[in-house]
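To start, the structure itself, in structure tokens.
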Amino acid sequence: MKAVEIFMIRKSFRPNSSEAIRQEAEDLINEKHYQGYRLINVDFDVADNAGYIYAFITMKKPNTY
């Protein structure tokens with residue numbers, strides 16, 4: 001059983017998309033935290049030619065060592 005889970009959120013790059021992806025990432029983190037997950041890392045990245053902004057969220061699964 002893997003102890004770490006990585007979630008990815010993708011949004012097309014438009015005005016206010018950085019705020020939208022930040023809010024969606026925050027909501028996902030809060031939802032998973034209530035399920036027992038613990039946050040390890042959050043990384044935001046912009047694809048150069050694709051026109052997307054990504055959020056990669058790494059969380060530790062509940063009841064794992």
Side-chain angles (χ1 to χ4, degrees):
M1 179 173 157
K2 295 182 181 179
V4 174
E5 193 167 342
I6 300 172
F7 303 95
M8 182 187 79
I9 302 171
R10 180 177 89 167
K11 293 272 186 198
S12 58
F13 198 73
R14 299 182 199 159
N16 297 327
S17 61
S18 59
E19 179 63 26
I21 198 166
R22 184 204 59 82
Q23 184 63 48
E24 190 172 335
E26 185 178 326
D27 292 342
L28 177 83
I29 291 167
N30 286 334
E31 175 187 329
K32 293 296 181 181
H33 175 72
Y34 291 124
Q35 294 174 7
Y37 285 74
R38 290 189 298 169
L39 181 65
I40 296 173
N41 188 35
V42 178
D43 184 35
F44 292 94
D45 193 17
V46 177
D48 292 333
N49 298 327
Y52 291 104
I53 184 169
Y54 296 91
F56 297 98
I57 302 162
T58 308
M59 300 188 86
K60 187 175 189 298
K61 289 184 178 181
N63 302 322
T64 55
Y65 297 99

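Just so you know, residue 1 is the first one in the sequence shown, and it goes up from there.
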May I ask whether I21 and I6 are part of the same hydrophobic cluster, defined by side-chain heavy atoms of I, L, V, M, F, W, Y residues being less than 4.5 angstrom apart, directly or through others?
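They do not share one cluster, since no chain of ILVMFWY contacts under 4.5 Å joins I21 to I6.
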Original post:
Would a hydrophobic clustering, with Ile, Leu, Val, Met, Phe, Trp and Tyr connected at side-chain separations under 4.5 Å, put I29 with F56?
Top reply: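 No; F56 is not reachable from I29 via cluster members.
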Run K61 and Y37 through side chain to side chain contact (heavy atoms under 4.5 Å, CB included) and show every step you take. CA-CA 5 Å; K61 289 184 178 181; Y37 285 74; 3.8 Å; yes
Can you tell me how the ring of Y52 sits relative to the ring of Y54, calling it parallel under 30°, perpendicular over 60° and tilted otherwise?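 Judged by the thresholds at 30° and 60°, the geometry between Y52 and Y54 is tilted.
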**Report entry** Separation of R22 CZ from D27 CG (nearest 0.5 Å)
**Finding:**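 Spacing of CG (D27) from CZ (R22) equals 8.5 Å.
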Q. Which value, rounded to the nearest 0.5 Å, describes the distance between R10 atom CZ and I53 atom CD1?
A.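 If we round to the nearest 0.5 Å, R10:CZ and I53:CD1 are 13.0 Å apart.
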(message) Clusters formed by hydrophobic residues whose side-chain heavy atoms approach within less than 4.5 Å: which one holds V4, and what are its other members?
(response)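 V4 clusters with I40.
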**Prompt:** So does E24 pair up with K11, basic N to acidic O under 4.0 Å?
**Reply:**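 Between K11 and E24 there is a salt bridge, with a charged N closer than 4.0 Å to a carboxylate O.
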Among S18, S12, S17, which one satisfies side-chain hydrogen bond (donor to acceptor under 3.5 Å, both in side chains) with R14?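 Testing each of S18, S12, S17 against R14, the sole residue satisfying side-chain hydrogen bond (donor to acceptor under 3.5 Å, both in side chains) is S12.
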**Crowding at CG, N41 (>12 non-hydrogen neighbours, <6.0 Å)** =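 More than 12 within 6.0 Å, yes.
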### CZ/F13: more than 12 non-hydrogen atoms of other groups inside 6.0 Å
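No, CZ of F13 has 12 or fewer neighbouring heavy atoms, counting only those of other groups under 6.0 Å.
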- So which heavy atom on I57 is nearest to which on A25, and how close?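 Between these two residues, the closest heavy atoms are CD1-CB, 3.8 Å.
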